[in-house]
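To start, the structure itself, in structure tokens.
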Amino acid sequence: MHREVREKILQCLKKVDISLTKPIGLEIPKRESYGDISTPVAMDLAKDLKKSPKQIAELIVNNLDKDIFESIEIANPAFINFRFKKEYLFLKLKELLNLGEKFFSIDLGKGKKIQIEFVSANPTGPLHLGHGRGAAVGQALANILKEAGFHVHTEYYINDAGRQIELLGMSVYVALQRLNGKDLPMPDDCYKGEYINEIAQEINEKYGQQIYEKSFDEVGDFLIDYSYKKILNEIKKDLEDFGVVFHNWVSERKLYHTGEVQRAIIKLKELGYIYEHEGALWFRSSAFGDEKDRVVVKSDGSYTYFASDIAYHKNKIERGFHELINIWGSDHHGYIKRVIAAVQALGMNAEQIKILLIQMVNLLREGVPVQMSKRAGNFVTLRELIDEIGTDTTKFIFLTRRHDSHLEFDVEVAKRQSQENPVYYVQYAHARINSIFEKAQWHPKDLDFEIFNEDEIRLLKKILLYPMIFEFAVSMREPHRITFYLQDIAGEFHSYYHKYKVINEDRTLTETRLSLCKALMFVLRHGLRMLGVKAPDRM
RNA sequence: GCGCCUGUAGCUCAGUCGGAUAGAGCAACUGCCUUCUAAGCAGUGGGUCAGGGGUUCGAAUCCCUUCAGGCGCGCCA
């Protein structure tokens, strides 16, 4: 619906020979008295055209094709407020009913290839809350972008090389020794969670003394391999149960083994961005706005983590994506500039890579902050949330915040609150509608939309504006906007449901109201599907 | 010390890259189940948008500054 408005304004501007410098802004007015949809475009144009905003607004209104509007008003300072004709609304409703959820598919992507890399947690321990948040956002983003016509490719980058993974092996080794009566202290930088002991236990049962009697040098590689693979499998299972699916899993090790890391450095050297200083090789990231240059090959000849990351991004670029989206924990923010610098050095525009930071999740229990440390083994896992709170609630809570705002997650409240939880509110609306359709047969033949009352028209308008919200969520890369809309429209429905009987003695009225419910059902299903949340038939 | 993020109702948070009289949910209080699901509805109260300056027709939004909180600042990963 909003697209027709935008289209008409564009046509009109063309007609009066005004060119735009930025896209036409459309808003849903705060007050109903301001109309159904509104644009501040006249005010935006005022500066460029050196005319009063009001004059421009009048010019636009006078030259506008008004067929779908009941009224168009100019309000102070120079908003143009549109109100749709009922017949037009009914036309759109019929279209929606015919198409179902396909009504909401739009082609904004035009086949553009986007890669989203998210979660990418080190396989040194179970996924925790923060990873869950990244997973929920990443998956929802993938869903909406795909729905909007982008070719979306999701990927998990496995940091299965380097120091952390070695520490994992060492942790298991020490746990194994302790299990067999040796009084070895667990080194400070080792992982201490219960899962380490479980892995040690498992290895002990399977292999016993042929492992623990040997030195770490002898069995380290085996332990590392065994442990990280086991953990990675757990991670995969957790994500699967959380409804998150990756098209691809990329191994950091592999980038080393195939020589891609080396080739990436050579490539940068050829491009003139690598120089030697104090025995190390540096990448000239300062040429792209980073505070200082960064080491890629240490003076002892080994690569830094950054080197493999460059290789990984080079690999992404070579696969021909038009846009890369990386979803990181906010504690990596200091890393952004150098990665964007590397991507630019390798020939991509800065606009083609977006790094979304997922802010910290502050964990509370009954209002009391819980200190989380992966190494200390003191944290709430995603698995725990899935089991105790459920995937739908967990996802919904994660998606009821902007990704870059801090989130307080009180586990006890989320568990206890199951009755007042916003996700149930939305799902309940769907279940209620479904129960209506279980009681009534819907034969959308003798519809008479003219009998809609004020409340029904309002609900219909809100339903028909969902595509605008959806489009906005897509272009801003902000799935949480859908979450808020769903809560809003669910509220409208509950209110309506309470006030009117959908099934009643009047055949035509019943059919017509059922049509409205059907339309809303499509919206709820679509929105929930985008968030990765179930739309249950009964509750 | 430098950098990034945040500061909106008692609490948790929205607020369409500058727009109209700042919005939800929770909590509190008052009502509503013989009627399509009460995981619901109707209503009431609640704000100097952290403080101060600036930019302009117009600021929660942009700039400067102060304060408060979080997170980063290795030839670690």
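Reminder, nothing fancy here: chain letters follow the sequence lines and each chain counts from 1. Values below: every heavy atom of this structure, side chains too, minus hydrogens, waters and symmetry copies.
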Output yes when at least one side-chain N/O atom of [X] is less than 4.0 Å from OP1 or OP2 of [N], else no.
X: A:R402; N: B:G15; value: yes
X: A:R538; N: B:A39; value: no
X: A:S405; N: B:A14; value: yes
X: A:Y428; N: B:A39; value: yes
X: A:K501; N: B:C36; value: no

Relative to each other, are the rings of [X] and [Y] parallel, tilted or perpendicular (30° and 60° limits)?
X: A:W249; Y: A:Y156; result: parallel
X: A:Y273; Y: A:F283; result: perpendicular
X: A:H480; Y: A:F484; result: perpendicular
X: A:W442; Y: A:F437; result: perpendicular

So, A:Y424 versus A:Y428, ring centres under 6.0 angstrom or not? no

Are A:Y157 and A:Y312 an aromatic pair, judged by ring center distance below 6.0 Å?
yes

Among [options], which nucleotide has an atom closest to any side-chain atom of [X]?
X: A:R401; options: B:C71, B:A14, B:U12; answer: B:U12
X: A:S495; options: B:A42, B:C13, B:C71; answer: B:A42
X: A:I503; options: B:C36, B:G15, B:C57; answer: B:C36
X: A:E27; options: B:G15, B:G40, B:U16; answer: B:U16
X: A:Y497; options: B:G40, B:G69, B:C36; answer: B:C36
X: A:R432; options: B:C71, B:U37, B:A39; answer: B:U37

Using atom [atom1] of each nucleotide, how far apart are [N] and [M] to the nearest Å?
N: B:U6; M: B:G47; atom1: P; answer: 26 Å
N: B:U48; M: B:C32; atom1: P; answer: 35 Å
N: B:G43; M: B:G7; atom1: C1'; answer: 32 Å
N: B:C33; M: B:A42; atom1: P; answer: 16 Å
N: B:C26; M: B:A9; atom1: C1'; answer: 12 Å

Its glycosidic angle compared against 90° from 0, B:C33 adopts the form syn

Report task. Answer yes or no: side-chain N or O of A:R31 and base N or O of B:U21 forming a donor-acceptor pair under 3.5 Å. Result -> yes

(Q) Any donor-acceptor pair, under 3.5 Å, between the side chain of A:H494 and the base of B:C41, if you only look at N and O atoms? (A) no

Notebook entry, point to check: Is it the case that A:Q427 and A:D392 place a side-chain donor and acceptor less than 3.5 Å from each other?
Noted result: yes

Using the 3.5 Å cut-off, write out each protein N or O paired with an N or O of nucleotides 74-77 of chain B and the distance between them.
residue : atom : partner : partner atom : Å
B:C75   : O2   : A:S299  : N            : 2.8
B:C75   : O2   : A:S299  : OG           : 2.9
B:C75   : N3   : A:S299  : OG           : 3.3
B:C75   : N4   : A:E278  : O            : 2.9
B:C76   : OP2  : A:K298  : NZ           : 3.1
B:A77   : OP1  : A:K298  : NZ           : 3.2
B:A77   : OP2  : A:Y305  : N            : 3.1
B:A77   : O3'  : A:A161  : O            : 3.2

